[in-house]
Amino acid sequence: MEISKLKSSLIGLITPFVLFASEGHEAHSAGEHGSPLIHHLMDSRLMDFGSIEILGYHQDLYLSKHFLFFWISALIVFVVISAFYKKNQPVQSGFIAGAIEKFVIFIREDVVKPSIPHGYQKVLPYFLTAFVMIFTANYLGMVPGTATSTSNLSITSALALCTFIVTQYMGIKENGFIGYVKSLVPSGVPLFVIPILFPVEIIGLFTKPFALAVRLFANMTAGHAIIYSFLLIGWNMEIEQWNWFVSVGTIPAAVFIMFLELLVCFLQAYVFTLLSAIFIGAAMHPEH
């Protein structure tokens with residue numbers, strides 16, 4: 001069963017985040033000394049580990065709030081699957097195991113298969129891992145006192161980088177390097193158009209994962225920003241009290257947006273996985 005591959009692919013997915021999930025000193029300062037909205041949305045340092053210099057590039061090493069909660073999301077996925085999934089049991093029993101199996105079937109049948117009709121088994125573990133990681137991180141960020149790691153552009157960029165690497169790897173593996181390069185230009189195109197179309201297609205290889213990163217980051221950030229904006233409208237920061245005359249309208253609005261955000265958390269995990277499947281499927285089978 002595909003669920004058994006989630007734990008092994010989980011480690012591979014979170015590896016790039018060691019390099020990407022970091023913010024500068026300015027972000028830390030804004031989060032500490034800015035408004036409550038900025039404090040909630042911005043990342044912050046929790047623990048410093050010094051710095052290193054590679055080829056003249058100086059990089060601070062530290063644990064950030066968003067990076068921590070992304071790892072907590074990975075730990076939750078690992079623990080839940082280990083505790084409730086029975087590898088030698090063909091039909092899973094129990095509510096949580098059954099729910100996991102339903103998600104797996106949904107991603108396989110409704111997301112991956114339509115985009116990759118042949119050879120989808122080779123990349124299915126990646127899609128399952130990406131979906132459950134984004135799904136868990138999004139919903140974990142809705143819990144008071146936590147942080148939404150997918151509202152960090154560094155985190156979403158690392159996720160998009162994973163899709164980019166898998167796309168190029170599977171495209172070359174299935175078609176060969178020369179065949180993959182040829183597939184970037186549709187057959188039947190006039191020769192004089194190729195010098196124009198080929199660079200555009202090369203640029204498209206990078207703009208697609210860029211769109212994935214920005215889409216996920218922007219949607220998750222916007223939802224939390226709207227919720228907190230509604231709440232802060234009714235909060236008087238000078239006397240640190242609620243203006244109940246205003247809050248009668250703003251608090252219900254914030255609650256409504258919060259319920260809407262619960263749907264957005266699922267939709268963004270779904271959209272990221274679906275678009276990744278479309279990109280990888282197009283690389284593997286350009287004839288389709």
Side-chain angles (χ1 to χ4, degrees), residues 2-21 103-135 150 153-217 268-288:
E2 291 87 355
I3 304 177
S4 61
K5 301 177 182 179
L6 274 174
K7 291 187 289 185
S8 58
S9 57
L10 193 63
I11 299 174
L13 179 65
I14 60 181
T15 299
F17 296 86
V18 176
L19 298 177
F20 278 82
F103 274 119
V104 170
I105 294 173
F106 167 71
I107 295 299
R108 184 184 64 196
E109 300 296 330
D110 296 333
V111 176
V112 179
K113 268 190 176 182
S115 303
I116 312 175
H118 309 294
Y120 70 89
Q121 298 90 342
K122 302 174 183 177
V123 288
L124 182 58
Y126 169 70
F127 295 119
L128 293 174
T129 306
F131 176 81
V132 297
M133 276 301 307
I134 297 173
F135 179 88
T150 46
L153 188 57
S154 298
I155 298 285
T156 59
S157 296
L159 284 165
L161 175 65
C162 292
T163 293
F164 175 79
I165 293 173
V166 174
T167 301
Q168 309 316 313
Y169 174 78
M170 293 306 301
I172 294 173
K173 182 179 179 180
E174 294 295 314
N175 304 281
F177 180 77
I178 301 300
Y180 178 60
V181 172
K182 288 182 178 179
S183 70
L184 296 178
V185 178
S187 59
V189 174
L191 290 178
F192 70 90
V193 178
I194 294 179
I196 301 174
L197 186 59
F198 186 75
V200 172
E201 292 295 329
I202 293 295
I203 295 174
L205 295 179
F206 298 93
T207 56
K208 290 175 182 177
F210 174 78
L212 283 178
V214 174
R215 183 193 305 272
L216 180 57
F217 154 75
Q268 290 309 309
Y270 168 75
V271 169
F272 186 97
T273 309
L274 176 62
L275 292 178
S276 296
I278 293 173
F279 298 156
I280 295 173
M284 293 174 62
H285 306 293
E287 66 277 6
H288 294 295

Item to check | Any side-chain heavy-atom pair of Ile203 and Val200 under 4.5 Å | outcome: no
Checklist entry - Hey, does Leu205 have a side-chain heavy atom less than 4.5 Å from the side chain of Glu201? => result no
Checklist entry - What do the steps show when you test Arg108 against Phe127 for side chain to side chain contact (heavy atoms under 4.5 Å, CB included), and what is the final call? => result CA-CA 9 Å; Arg108 184 184 64 196; Phe127 295 119; over 6 Å; no
Checklist entry - How about Leu159 and Phe272: do any of their side-chain heavy atoms sit closer than 4.5 Å? => result yes
Item to check | Side chain to side chain, Leu275 and Arg215, heavy atoms closer than 4.5 Å | outcome: yes
Next on the checklist: Around atom CZ of Phe106, are there more than 12 heavy atoms from other residues, nucleotides or ligands closer than 6.0 Å?
Outcome noted: yes
Checklist entry - Any chance the rings of Phe164 and Phe206 have centres within less than 6.0 Å? => result yes
Next on the checklist: Side chains of Leu184 and Ile202, heavy atoms from C-beta outward: is any pair under 4.5 Å?
Outcome noted: yes
Checklist entry - Which word best sums up how the rings of Phe131 and Phe103 line up, parallel for under 30°, tilted for 30 to 60°, or perpendicular for over 60°? => result tilted
Next on the checklist: Testing the 3.5 Å rule here: is there a donor-acceptor pair between the side chains of Tyr180 and Glu174?
Outcome noted: no
Item to check | Short side-chain to backbone donor-acceptor contact, His285 and His118, under 3.5 Å | outcome: yes
Next on the checklist: Could you check whether any side-chain heavy atom of Gln268 comes within less than 4.5 Å of a side-chain heavy atom of Thr150, counting everything from C-beta outward?
Outcome noted: no
Item to check | Side chain Tyr126, main chain Thr163, donor-acceptor under 3.5 Å | outcome: yes
Checklist outcome for this item: Heavy-atom nearest pair, Pro209 first then Ala160, reads O-CB, 3.1 Å
